[in-house]
Participant: 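Got a structure here, written out as structure tokens. Questions coming.
Just so you know, these numbers come straight off a predicted model, no measurement behind them. These values consider heavy atoms only, across backbone and side chains, with no hydrogens, waters or symmetry-generated copies.
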Amino acid sequence: MRKVFVLAVWAFISLCVVAIITLPVNLQTQLIASLLIVTLMAIIKLVDAGGRWRLIALAFGTAVVLRYVYWRTTGTLPPINQPENFIPGFLLYLAEMYSVMMLALSLFVVAMPLPPRPSRAATPGDYPKVDVFVPSYNEDASLLANTLAAAKGMDYPAEKLRVWLLDDGGTLQKRNSTNLVEAQRATARNLELQKLCTDLGVRYLTRDRNEHAKAGNLNNGMSHSDGDLIAVFDADHAPARDFLLETVGYFEDDPRLFLVQTPHFFLNPDPLERNLRTFEKMPSENEMFYGIIQRGLDKWNAAFFCGSAAVLRRNTSGFSGKSITEDCETALALHGCGWNSVYVDRPLIAGLQPATFASFIGQRSRWAQGMMQILMFRFPLFKGGLTIPQRLCYMSSTLFWLFPFPRTIFLFAPLCYLFFDLQIFTASGGEFMGYTLAYLVVNLMMQNYLYGSFRWPWISELYEYVQTVHLLPAVVSVVLNPRKPTFKVTAKDESIQESRLSEIGRPFFVVFIVLFIALLVTAYRVYTEPYKADITMVVGGWNLLNLIMAGCALGVVSERGEKAASRRVKVSRRCEFSTGERWYPATIEDVSANGARIQVYGLAKDDLSVEARTEIRFEPFAGDGAIEILPMAVRNVEVTGDITAVGCRFLPEVARHHSLVADLLFANSRQWSEFQHKRRGNPGLVRGTVWFLWLAFYQMGRGLIYFFRSLGSSRKEARGVR
């Protein structure tokens, strides 16, 4: 009886919603209703009402969106007997419906995400045996040394912890390659990494052939190990000391748990953050996924494996390798078999992300192609064994990567009218204000409700735009030939010595010029065709918004010079600093993977010279109270009063020195959380929009300066060749 009553109430409410959405009203009433809903949503946001009030605000927004969809479907499509208008008009309609569908899926996933889970330590004396896998392909030994040393230094019983370097760059296939140079490099790498692993006390493992890329490498590691659990870290993802203590305890609570995933935290900015200089004051792109979306997926038991910073149970079917995103595919397969997952929202590793725009696009192309493969090979909506919420969650994660198609349509749709006078959207200027503008404003407000301080206004649009130009052909290629893409390792620890224009940045200037010409055409048509000024102004405003986004992207592809990929991290650790035979009290102010800045008390500048060898001694987190010594070389000296600031680079000579570097940089996970919370703040729609407009115009100017400089350099090179 209760189920029948609930069903009846749901049906009644649904009928009421449909009636409201389809209710015929005049334009003035539509404008007033839209303004009223926007005002109510703004008030709820301003008073910071959560819980049910948050859901009420989202429900109001959903009503506006659905009314727009109804109006768009029934009153704006061009006649089908005008194919020159109908075809581009229908493509635009499909792009908008895709956006509405993704908004609906986002609402389902993150409307009420799980709060961050509390710590769950393992039962003392009953720790499970853990194998730590660090898969590698072409990374430098120095990068691997820090990661392996950090993994080896985790706070966990030594007899229950084994660290493995899974080297796919020194396989027998590579060492016996017919390419002599490749064979010699692989042999040298094999020998170098074997020695490194021996020195660090970790196990080195390679295999005969490079089959099934990273998934095959991990499965090979499973076949040679026997731990109860497997922790996976990318070659540039170094764990904090408490990583295992914060994660393995969850496996005691649920015998069907296959995964505990933690967020990826990065020491260096991505190309957008570096070139726009937003790294230290705005949340990173990945924080929306790891801070909100994964918690939303976790609510529906759909948090998925992200390839690193995770612990998995051994007694599962291994790692899937049909797609080039083996992580999400593996999680999908295991969720389909009835296994469970947990997401722990606390950064417990620190890694590196692509520093150049080209590498950034290469990484995203692999993600996009892999998710398209999962969508085509596995199609989560009909995947057996999944619950309905899990199906919707995986569809949301995979369908997202179709965004290059609608983004391209939104970019060029205004040009159909401005250049060719095509009528692909039949509406007046007033109707646009009452329906489309209201929909756009409410959409932005709903995004702000869902993601708040994790994603600032317009930033998602910028990230999607700068990826669209190059991801569109990548996605098209995998749709045409799903088995074509191959796994490519993302470049790590890159550096840009001099400021330059990205090698793949020219298309953005072409798009910008086309949109700028369209802006001039808008002004011309308003002047020469005043009887169509309202429509022309609306379409021209749409094009202007695209132009602002394209202008900001010019700054993204104008790469600022930066010698090191890894930023310094503030640590404030007490130590002693030596020069000659005298030791001075000092504080380690900040540290990177390559060096540190140290404040030394009572040291005269004349007592040091650049490149002079020195040492520091300190007590590691991972120690037992013993004092350790780390050799360094002086890079620069700066004296302020009685304090001498000394910039040093590390000179690791033995394996223990790598462990000390890892202890300084990676051991304390609290510093990552503190850094993230410091840059999370919600500027709101109005202030966020004003800030973005200022950013876009500034970056537009900077990008044009880089472009003309590159033209001048090209001319000089051409003269030199002649």
Participant: Can a salt bridge be assigned to the pair Glu280 and Arg277 using a cut-off of 4.0 Å between side-chain N and carboxylate O?
Facilitator: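 The answer is no: the pair does not qualify as a salt bridge.
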Participant: Could you tell me if the side chain of Leu332 sits less than 4.5 Å from the side chain of Ile374, heavy atoms only?
Facilitator: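 Heavy-atom side-chain distance check passes, below 4.5 Å.
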Participant: Which heavy atom of Arg313 sits nearest a heavy atom of Leu257, and at what distance?
Facilitator: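 Smallest interatomic distance, heavy atoms only, reads NE-O, 2.7 Å.
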Participant: Parallel, tilted or perpendicular: which one describes the rings of Trp672 and Phe666, with boundaries at 30° and 60°?
Facilitator: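 Aromatic pair Trp672/Phe666 classed tilted.
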Participant: Is any side-chain heavy atom of Tyr394 closer than 4.5 Å to one of Lys383?
Facilitator: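 In short, these two side chains do not touch, never coming nearer than 4.5 Å.
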Participant: Between the side chains of Ser308 and His264, does any donor sit under 3.5 Å from an acceptor?
Facilitator: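 There is no such pair (donor and acceptor under 3.5 Å, judged by atom type) between the side chains of Ser308 and His264.
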Participant: Can you give me the closest heavy-atom contact between Val466 and Ile361, atom names plus distance?
Facilitator: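 Closest approach of Val466 to Ile361: O-CD1, 3.8 Å.
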Participant: Does His335 use its side chain to pair, donor to acceptor, with the backbone of Ala331 at less than 3.5 Å?
Facilitator: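 It does hold such a pair.
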Participant: Counting distance only, does the side-chain N/O of Asn275 pair as donor-acceptor with the main-chain N or O of Pro271 below 3.5 Å?
Facilitator: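 Side chain of Asn275 to backbone of Pro271: a pair is present.
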Participant: Phe508 and Phe357: ring-ring contact (aromatic ring centres under 6.0 Å, His included), yes or no, with the steps?
Facilitator: CA-CA 12 Å; Phe508 293 91; Phe357 184 69; 5.8 Å; yes
Participant: Taking the six-membered ring of Phe675, is the NZ or CZ of Arg680 close enough (under 6.0 Å from the centre) and on axis enough (within 45°)?
Facilitator: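 Not satisfied by the 6.0 Å and 45° rule.
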Participant: Before you tell me yes or no, could you show the steps for Arg455 and Glu287 under salt bridge (charged side-chain N to carboxylate O under 4.0 Å, His left out), namely the whole-Å CA-CA distance, both residues' side-chain angles and the distance that decides it to 0.1 Å?
Facilitator: CA-CA 8 Å; Arg455 178 54 49 87; Glu287 286 188 51; over 6 Å; no
Participant: Taking the six-membered ring for Trp, are Phe305 and Tyr343 ring centroids under 6.0 Å apart?
Facilitator: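 Aromatic pair excluded; centres sit 6.0 Å or further apart.
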Participant: Has the side chain of Ser359 got a donor or acceptor atom that lies under 3.5 Å from a matching backbone atom of Ala355?
Facilitator: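 No; judged by distance alone, with no hydrogens or angles, the pair does not exist.
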Participant: For residues Asp167 and Tyr137, report the shortest heavy-atom separation together with the two atoms involved.
Facilitator: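 Scanning both residues, the minimum pair turns out to be OD1-O, 4.3 Å.
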Participant: Looking at Phe621, is Arg573 sitting on its ring face, NZ or CZ under 6.0 Å from the six-membered ring centre and within 45 degrees of the normal?
Facilitator: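 Output yes; distance and angle both within limits.
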Participant: Determine yes or no for a side-chain-to-main-chain donor-acceptor pair under 3.5 angstrom, with Gln390 supplying the side chain and Thr387 the backbone.
Facilitator: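 Pair found, side chain donor or acceptor close to backbone of Thr387.
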Participant: Is the His212 to Phe319 ring centre distance short of 6.0 Å?
Facilitator: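 For His212 and Phe319, the ring centres are not under 6.0 Å apart.
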Participant: Would you please classify the geometry between the Trp164 ring and the Phe133 ring as parallel, tilted or perpendicular, with 30° and 60° separating the classes?
Facilitator: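 Ring orientation of Phe133 relative to Trp164: perpendicular.
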Participant: Please determine whether ring-ring contact (aromatic ring centres under 6.0 Å, His included) holds for the pair Tyr98 and Phe403, giving the CA-CA distance in whole Å, both sets of side-chain angles, and the decisive distance to 0.1 Å.
Facilitator: CA-CA 9 Å; Tyr98 165 85; Phe403 74 79; 8.5 Å; no
Participant: Under the criterion salt bridge (charged side-chain N to carboxylate O under 4.0 Å, His left out), I'd like the reasoning laid out for Arg500 against Glu503: C-alpha separation, chi angles, the key distance, then a yes or no.
Facilitator: CA-CA 9 Å; Arg500 61 179 176 83; Glu503 61 268 33; 2.9 Å; yes
Participant: Working note: Glu329 + Arg378, criterion salt bridge (charged side-chain N to carboxylate O under 4.0 Å, His left out); need CA distance, chi angles, decisive distance, verdict.
Facilitator: CA-CA 8 Å; Glu329 183 186 355; Arg378 307 294 186 187; 2.7 Å; yes
Participant: Just wondering, more than 12 heavy atoms not from Trp458 lying within 6.0 Å of its CH2?
Facilitator: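 Open.
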Participant: Kindly determine whether Val557 and Ile504 satisfy side chain to side chain contact (heavy atoms under 4.5 Å, CB included), including the steps that lead there.
Facilitator: CA-CA 8 Å; Val557 298; Ile504 61 172; over 6 Å; no
Participant: Give the C-alpha distance, both sets of side-chain angles, the deciding distance and a yes or no for ring-ring contact (aromatic ring centres under 6.0 Å, His included) between Phe304 and Phe289.
Facilitator: CA-CA 11 Å; Phe304 60 81; Phe289 175 73; 5.7 Å; yes
Participant: Do we see a donor-acceptor contact under 3.5 Å between the side chains of Ser284 and Glu273?
Facilitator: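 Distance-only check passes for Ser284 and Glu273.
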Participant: Can you tell me if Ser673 and Gln676 form a side-chain donor-acceptor pair at under 3.5 Å?
Facilitator: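 Side-chain D/A pair, Ser673 to Gln676: absent.
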Participant: Is it true that the side chains of Arg346 and Ser669 contain a donor and an acceptor less than 3.5 Å apart?
Facilitator: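 Ser669 and Arg346 do have a side-chain donor-acceptor pair below 3.5 Å.
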Participant: Let's go through Tyr706 and Leu554 carefully: what are the C-alpha distance in whole Å and the side-chain angles of both, what is the deciding distance for side chain to side chain contact (heavy atoms under 4.5 Å, CB included) to 0.1 Å, and is it a yes or a no?
Facilitator: CA-CA 9 Å; Tyr706 274 59; Leu554 301 187; over 6 Å; no
Participant: Taking Ser365 for its side chain and Leu471 for its backbone only, find out whether a donor-acceptor pair lies under 3.5 Å.
Facilitator: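 No; zero donor-acceptor contacts below 3.5 Å.
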Participant: Examine distances only and state if a side-chain atom of Arg295 and a backbone atom of Leu114 form a donor-acceptor pair shorter than 3.5 Å.
Facilitator: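 Such a contact is found between Arg295 side chain and Leu114 backbone.
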Participant: Is any side-chain heavy atom of Met446 closer than 4.5 Å to one of Val442?
Facilitator: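 Yes, their side chains come closer than 4.5 Å.
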Participant: Verify whether one side chain among Asp270 and Tyr463 offers a donor that lies under 3.5 Å from an acceptor in the other.
Facilitator: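 Indeed, the side chains of Asp270 and Tyr463 share at least one donor-acceptor pair under 3.5 Å.
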Participant: I'd like to check Asp155 versus Leu244 (side-chain heavy atoms, cut-off strictly below 4.5 Å). Are they in contact?
Facilitator: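 When only atoms from C-beta onward are counted, Leu244 and Asp155 do not touch, as no gap falls below 4.5 Å.
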Participant: Which atom pair, heavy atoms only, marks the closest approach of Pro380 to Met395?
Facilitator: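 Pro380 and Met395 have their closest heavy atoms at CD-SD, 3.9 Å.
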Participant: Tell me whether Asp234 contacts the main-chain N or O of Asp236 through its side chain, where contact means a donor paired with an acceptor under 3.5 Å.
Facilitator: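 No, because the side chain of Asp234 does not come within donor-acceptor range (under 3.5 Å) of the backbone of Asp236.
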Participant: If I compare all heavy atoms of Val110 with all of Gly296, which pair ends up nearest, and what's the gap?
Facilitator: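 Taking every non-hydrogen atom into account, CG1-CA, 4.4 Å.
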Participant: Nearest heavy-atom pair of Pro113 and Ile292: which atoms, and what distance?
Facilitator: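 Looking at all heavy atoms of both residues, the closest pair is CB-O, 4.1 Å.
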Participant: Give a yes or no on whether a salt bridge exists between Lys214 and Asp327, defined as a side-chain N under 4.0 angstrom from a carboxylate O.
Facilitator: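 Salt bridge between Lys214 and Asp327, a charged N being under 4.0 Å from a carboxylate O: no.
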Participant: Salt bridge (charged side-chain N to carboxylate O under 4.0 Å, His left out) for Asp663 and Arg241? Distances and angles first, verdict last.
Facilitator: CA-CA 8 Å; Asp663 185 271; Arg241 273 182 47 76; 5.4 Å; no
Participant: Would you find a donor on one side and an acceptor on the other, under 3.5 Å apart, between the side chain of Glu464 and the backbone of Pro404?
Facilitator: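 No: the side chain of Glu464 does not pair with the backbone of Pro404.
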Participant: List the steps, then state whether side chain to side chain contact (heavy atoms under 4.5 Å, CB included) holds for Ser341 with Asn301.
Facilitator: CA-CA 6 Å; Ser341 62; Asn301 190 27; 3.7 Å; yes
Participant: Stepwise, does the side-chain hydrogen bond (donor to acceptor under 3.5 Å, both in side chains) test hold for Glu326 with Ser320?
Facilitator: CA-CA 6 Å; Glu326 81 297 326; Ser320 302; over 6 Å; no
Participant: Where the side chain of Thr247 meets the backbone of Phe243, is there a donor-acceptor pair that is under 3.5 Å apart?
Facilitator: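 It does hold such a pair.
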Participant: Closer than 4.0 angstrom, basic N to acidic O: yes or no for Glu559 and Arg274?
Facilitator: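 The answer is yes: the pair qualifies as a salt bridge.
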Participant: Between Ser106 and Gln447, does any side-chain donor sit less than 3.5 Å from a side-chain acceptor?
Facilitator: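 Note: Ser106 and Gln447 side chains miss the donor-acceptor criterion.
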Participant: With distance as the sole criterion, is a donor-acceptor pair present between the side chains of Ser558 and Arg702 under 3.5 Å?
Facilitator: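 Result is no, nothing qualifies.
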Participant: For the residue pair Trp456 and Phe692, establish whether any side-chain heavy-atom pair is separated by less than 4.5 Å.
Facilitator: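 They are not in side-chain contact.
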Participant: Any chance the rings of Phe108 and Trp300 have centres within less than 6.0 Å?
Facilitator: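 Ring centroids of Phe108 and Trp300 are less than 6.0 Å from each other.
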Participant: Taking Thr325 for its side chain and Cys328 for its backbone only, find out whether a donor-acceptor pair lies under 3.5 Å.
Facilitator: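 No; zero donor-acceptor contacts below 3.5 Å.
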Participant: After noting the C-alpha distance and the side-chain angles of Asn546 and Tyr465, does the key distance pass the side chain to side chain contact (heavy atoms under 4.5 Å, CB included) rule?
Facilitator: CA-CA 9 Å; Asn546 287 338; Tyr465 170 71; over 6 Å; no
Participant: Measure the shortest side-chain to side-chain distance between Glu674 and Arg670 over non-hydrogen atoms and say whether it is less than 4.5 angstrom.
Facilitator: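 Side-chain contact under 4.5 Å: yes.
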